[in-house]
**Student:** 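The structure under discussion is supplied below as structure tokens; questions concerning it will follow.
Atoms considered below: every heavy atom in the structure, side chains included; atoms not considered: hydrogens, waters and symmetry mates.
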Amino acid sequence: MAVGSSITPLVTEAQGALGTVRGTVTNSGTGAPLANVQIAVPGTTLGAITNASGSFTIASVPVGNQVARARLIGYQPLDKPIVVTAGASTTVTFALTVSALSLDEIVVTGTGGSARKREVGNSIAQVKLADIPEVPTNVSNLLSGRLAGVTVGGGVGNAGSGSAIRLRGTTSVSLTNQPLIFIDGVRTRSDEYPRNGIFTGTTQRGANSNSSPLNDINPDDIDRIEIVKGAAAATLYGTDAAAGVIQIFTKRGAGGAAKWQVRLNGGVSSLQKFGTDSVPLLFMDPFLRNSGGTGWIPGLDNYAARYGTAIQVSGGSGDNLKYLLSTNIENVDGVLPNDKDRKYQVRANLDFQPTKKLAMNWSSAYTNNLIDQSPAGNNAQGLTLNAFRQDRNYFGTANADTIRQVLQQKLATNIDRLIMGLTGTWTPFTRFSSRLTVGFDRAALENRNVRPFGFPAAPLGVIQNQRWANTTLSTDWVNNYDFNLGSSLKVTASAGTQYVNSLVGDVVALSQNFATPSDPTVASGAIRNADENRQRVITGGAFGTLLFGLKDRYFVTVGGRLDGNSAFGQDFGLQFYPKVNGSWVLSDESFWKEKYGTFKLRGAFGSAGRAPGAFAAVRTYSPLPWGSASAVRPQNLGNADLGPERTTEVELGFDQTMFSGRTSVDFTYFNATTTDALFSVRSVPSEGFLANTLKNVGEMQKSGIELALNHDVISRESFGLKAGLNFSTNNSKVVSLGGAPSFSVGNSGWVVEGKPAPVVRGKIIRNADARGVAPDTSSNYDFGPSQPTKIIGGNINIRGWKNISLSVRGEYQGGAYIEEGASFNALSRSVLWPTCYSAYANIAAGKPITSRETLTCIPANVRSDMFIFKADFFRIRDISLTVPLGKLIPRTANSTFVFSAQNLFRNNFGMPLFDPEMTNNDSFNATVRGINEQIPAPAIFQMSLRISY
């Protein structure tokens with residue numbers, strides 16, 4: 001008892017000399033909590049890692065003056081002095097700033113396995129969702145104007161509409177230019193969904209709007225996005241990768257107790273000016289939701305509500321089990337009367353380690369997207385066309401109530417999307433790992449298109465129902481082995497295989513002429529028709545790479561991929577795609593002075609392909625009725641030697657930081673050549689096949705530069721100012737047609753030897769502004785490329801009191817031309833069109849008009865090829881205000897309020913009407929976009945409250 005009583009005061013005294021440190025870590029620019037940040041107390045072995053809420057706790061910290069240190073790859077480290085009090089809790093908060101350049105950051109895309117940035121010789125663009133200030137609406141909008149060499153556009157204003165993504169412009173003039181999409185290593189669909197239109201007869205009877213598979217991904221679930229923009233980096237993905245690769249990585253759970261995050265969104269959409277000052281909404285005013293000043297929001301002529309809720313919970317038991325579950329519900333009303341997009345999403349990610357040598361990662365997401373749309377586009381029975389053409393429309397009147405009859409058409413799309421992936425990583429010993437990913441992506445769509453009994457121009461009614469599905473099964477097996485050759489040379493050998501099996505099929509049933517006005521089914525019509533399509537494409541390949549690293553600053557990677565594809569001709573065989581890249585970290589050399597910052601030189605060479613369509617190599621015939629019998633008609637001649645287009649690219653560039661890491665520079669030059677380009681070649685008529693045949697006969701070339709510059713202008717604890725600039729160019733040319741004649745690819749786009757690929761061609765008015773003289777014109781004039789040749793993006797972020805920040809992001813695109821068909825369609829029908837109001841006044845007053853007005857405002861002179869304009873524009877992509885609330889809301893770990901205004905302002909340079917980013921009936925994925933009777937994407941004003949528990 002005496003000994004015990006003497007020890008007790010000592011124990012109590014020792015315990016009293018310790019305290020607890022608690023705190024949170026956030027992103028200095030957005031106020032969002034940062035997970036997985038390492039917190040340490042230098043001079044001790046104590047530390048912690050922040051959870052999903054950005055919170056941490058360190059117990060048993062010695063009392064007195066200490067330092068708390070925060071470290072996270074991709075962010076500048078930060079130390080803060082603290083005073084630890086015995087038996088008490090000390091609170092410290094960190095606001096980390098994104099690091100200008102982190103060479104030890106891990107990237108996955110385009111490499112055989114995970115690699116540090118210092119080891120990679122090609123450009124990899126990256127977007128981290130924690131660094132994005134605005135309220136994200138979809139993945140496409142996240143990328144627009146944010147990265148050099150990435151172009152997003154081509155959407156319309158209908159609910160559920162998608163956007164085209166182009167990486168370094170056009171790669172093919174015959175095949176899709178959408179990049180490959182991977183989600184957590186699983187190959188998914190990248191091309192657009194079929195639009196809700198009639199499959200036979202007049203096919204445009206619908207909204208003429210396509211949805212994008214990227215719209216099915218909940219932005220709140222995304223951790224980061226990695227992008228490789230060309231063939232030099234996409235070699236290991238083989239056939240289909242020539243247009244680039246986008247890898248989306250979703251958030252994962254972290255060890256510890258369950259942490260909750262809740263997001264509450266609310267806001268409105270509003271159609272902004274796309275006409276002239278006198279007619280800003282091009283006669284659409286009476287038909288927009290909450291239009292004409294009847295709503296409760298002052299200052300908005302029209303608006304449509306949007307709101308949603310997302311809940312996410314993550315946690316785990318040590319390193320053996322981690323989980324993340326999320327759900328998201330969104331309701332978005334469109335600015336057109338019938339437009340509505342309701343989205344329901346759930347995600348489950350699970351990481352577990354059944355043994356010390358085996359790690360398993362499960363990813364799964366389900367989306368149900370219910371889209372209702374108004375009939376629009378170049379559609380005689382649609383809303384926009386009849387509104388634009390006023391009393392010259394298909395009703396012969398501008399009466400709004402008469403035109404509204406088209407809204408009786410019901411256009412409903414139901415998209416069910418399930419993506420699942422299981423990755424197993426086996427590490428039998430330290431230097432070897434084997435990773436196998438098995439993926440499943442099923443997108444099932446139902447399009448229901450009903451023009452009921454009594455509908456104008458179809459008084460007995462028409463109904464169509466389409467059931468479409470795309471199922472993709474994929475496997476990706478990668479093996480990595482590290483070994484050393486001597487004391488300073490490290491080698492990483494990687495080898496593996498990939499397999500993709502994609503099945504697309506649909507069944508369509510149509511009927512018309514209903515007997516009664518009751519709700520119809522396909523069985524209701526007196527005349528019925530049906531169609532079915534089915535195709536399977538299989539791609540298989542094997543690859544191998546060797547990465548040599550000398551002294552951790554000289555790196556060379558060599559490798560290649562051998563590929564086969566079921567769309568190749570029977571005599572073609574396999575295709576081999578090589579790659580080699582290297583990097584040199586000069587700033588690690590002894591002669592490099594620290595004041596020059598970090599500097600890495602890099603270069604890459606590689607090839608990738610793009611496979612032809614599933615049946616392009618096959619001789620096919622079209623079935624058709626012949627009286628009471630069946631017959632066939634020759635369709636495609638086929639080509640047994642048909643293979644993929646092959647794009648070979650060279651990249652050179654450097655990454656550098658300057659001014660104590662406050663400035664980063666990322667520069668890349670690329671030059672890509674596509675050989676064996678697929679062009680339509682005229683068939684010999686005597687063979688009996690009149691349609692053109694695809695052949696590998698062409699050659700195209702494109703080149704440009706990409707520059708990303710970011711600078712931390714002012715970085716103080718109470719005030720910060722950051723600015724960023726992205727600049728990219730892209731110049732293309734058709735080197736050879738292989739003997740084929742020049743050919744059109746739609747929307748005034750042509751493939752012409754020696755011209756941009758493609759070039760927009762039409763009639764030029766040389767003296768367009770001259771008055772009172774005869775017009776001087778020339779036909780078949782090559783205006784210029786259909787893709788922008790210069791893109792400038794910029795952003796500014798100001799952080800002030802209480803870390804409240806304001807960010808602005810804008811983008812300029814220039815150098816492209818586009819055909820604008822809505823004006824031609826109106827003016828050729830004698831519609832009084834806004835661009836001719838001054839000409840009408842001058843004609844009435846007996847005054848001369850310009851040559852352009854003579855040719856476009858007098859109906860007898862109007863021709864379609866005179867409506868080609870520059871597509872240059874500047875747009876404010878986003879303005880966001882972020883207010884960190886900390887623990888202002890009781891019983892929360894952290895909360896943030898964000899207000900975003902997106903797509904708020906646009907200025908055209910050369911195009912009098914419409915939004916140059918719009919498209920027409922043939923979808924955002926058209927080789928050459930055009931514009932007709934659509935509305936542009938609306939502005940979005942949205943508030944978001946993000947709460948962490």
Side-chain angles (χ1 to χ4, degrees), residues 109-112 120-124 149 166-177 179-180 227-245 498 539 541-546 556-565 568 572-583 602-612 641-653 668-679 694-706 728-738 751 753-754 756-757 787:
T109 309
T111 61
V120 179
N122 52 260
S123 170
I124 295 182
R166 296 289 179 267
L167 307 180
R168 294 179 178 167
T170 298
T171 301
S172 174
V173 296
S174 300
L175 307 172
T176 175
N177 285 281
L180 296 185
I227 300 175
V228 294
K229 305 168 194 171
T235 297
L236 298 188
Y237 301 96
T239 300
D240 291 340
V245 178
Q498 292 176 334
T539 301
F543 68 88
T545 64
L546 286 172
V556 175
T557 301
V558 295
R561 172 171 169 136
L562 188 66
D563 239 11
N565 187 285
F568 295 170
F572 184 79
L574 302 175
Q575 185 81 347
F576 178 71
Y577 303 104
K579 70 172 290 184
V580 58
N581 66 61
S583 65
R602 49 181 167 79
F605 167 87
S607 296
R610 186 58 105 185
D641 295 323
L642 192 68
E645 297 182 328
R646 182 185 182 90
T647 301
T648 301
E649 185 179 57
V650 174
E651 266 192 21
L652 298 172
T668 301
Y669 164 80
F670 71 90
N671 191 310
T673 301
T674 298
T675 55
D676 297 329
L678 290 167
F679 290 164
L694 278 183
K695 291 187 177 181
N696 300 100
V697 297
E699 181 177 341
M700 301 185 300
Q701 185 267 343
K702 62 179 179 177
S703 62
I705 62 171
E706 297 164 354
S728 60
T729 65
N730 193 334
N731 297 288
S732 66
K733 182 174 69 173
V734 177
V735 178
S736 172
L737 289 172
V751 178
E753 196 164 283
Q787 290 287 323

**Student:** The criterion is salt bridge (charged side-chain N to carboxylate O under 4.0 Å, His left out); which residues satisfy it with R561, sequence neighbours excluded?
**Tutor:** D563

**Student:** Between G121 and A604, what is the shortest heavy-atom contact and its length?
**Tutor:** O-CB, 3.7 Å

**Student:** If every non-hydrogen atom of P644 is compared with every non-hydrogen atom of P612, which pair is closest and at what distance?
**Tutor:** CA-CD, 4.0 Å

**Student:** To the nearest 0.5 Å, how far apart are CZ in R646 and CD in E699?
**Tutor:** 13.0 Å

**Student:** Tell me the closest heavy-atom pair linking T545 and K579, and the distance in Å.
**Tutor:** CG2-CD, 4.5 Å

**Student:** Identify the heavy atoms of A243 and P179 that sit nearest to each other, and give their distance.
**Tutor:** O-CB, 3.8 Å

**Student:** Should F568 and L574 count as side-chain neighbours, where that means a heavy-atom distance under 4.5 Å?
**Tutor:** no

**Student:** Rounded at 0.5 Å granularity, tell me how far CD in E651 sits from CG in N581.
**Tutor:** 9.0 Å

**Student:** Using side-chain hydrogen bond (donor to acceptor under 3.5 Å, both in side chains) as the criterion, list what pairs up with S703, not counting sequence neighbours.
**Tutor:** none

**Student:** Is any side-chain heavy atom of L694 closer than 4.5 Å to one of S174?
**Tutor:** yes

**Student:** Before you tell me yes or no, could you show the steps for N730 and K702 under side-chain contact (heavy atoms from CB on, under 4.5 Å), namely the whole-Å CA-CA distance, both residues' side-chain angles and the distance that decides it to 0.1 Å?
**Tutor:** CA-CA 7 Å; N730 193 334; K702 62 179 179 177; 3.8 Å; yes

**Student:** Evaluate the side-chain proximity of L678 to N696: yes if any heavy-atom separation is below 4.5 Å, no if none is.
**Tutor:** yes

**Student:** Please round to the nearest 0.5 Å and tell me the distance separating atom OG1 of T235 and atom CZ of F543.
**Tutor:** 11.5 Å

**Student:** With side-chain hydrogen bond (donor to acceptor under 3.5 Å, both in side chains) as the test, pick out the partner of Q701 among T675, T674, N671.
**Tutor:** N671

**Student:** Could you tell me whether the side chain of T647 reaches within less than 4.5 Å of the side chain of R610, counting heavy atoms only?
**Tutor:** no

**Student:** Between the main-chain N or O of G704 and the side-chain N or O of N731, is there a donor-acceptor pair closer than 3.5 Å?
**Tutor:** no

**Student:** Give the intermediate values and the outcome of side-chain contact (heavy atoms from CB on, under 4.5 Å) for residues L737 and V697.
**Tutor:** CA-CA 6 Å; L737 289 172; V697 297; over 6 Å; no

**Student:** How about R168 and T668: do any of their side-chain heavy atoms sit closer than 4.5 Å?
**Tutor:** yes

**Student:** Hey, could you give me the CG/CG distance between N122 and L652, rounded to the nearest 0.5 Å?
**Tutor:** 12.0 Å

**Student:** To the nearest 0.5 Å, tell me how far T171 OG1 sits from E645 CD.
**Tutor:** 8.5 Å

**Student:** Restricting to non-hydrogen atoms, name the atom on T170 and the atom on Q787 that form the minimum distance, rounded to 0.1 Å.
**Tutor:** OG1-CG, 3.2 Å

**Student:** Between E649 (side chain) and A232 (backbone), is there a donor-acceptor pair under 3.5 Å?
**Tutor:** yes

**Student:** Counting C-beta onward and ignoring hydrogens, is there a side-chain heavy-atom pair between F605 and T648 closer than 4.5 Å?
**Tutor:** yes

**Student:** Keeping the roles fixed (side chain from K229, backbone from G149), state whether a donor-acceptor pair exists under 3.5 Å.
**Tutor:** no

**Student:** Distance check, rounded to the nearest 0.5 Å: L642 atom CG versus D676 atom CG?
**Tutor:** 10.0 Å

**Student:** Closest heavy-atom contact between V228 and A233?
**Tutor:** CB-CB, 3.6 Å

**Student:** If only atom types and distance count, is the side chain of D240 paired as donor or acceptor with the main-chain N or O of A611 below 3.5 Å?
**Tutor:** yes

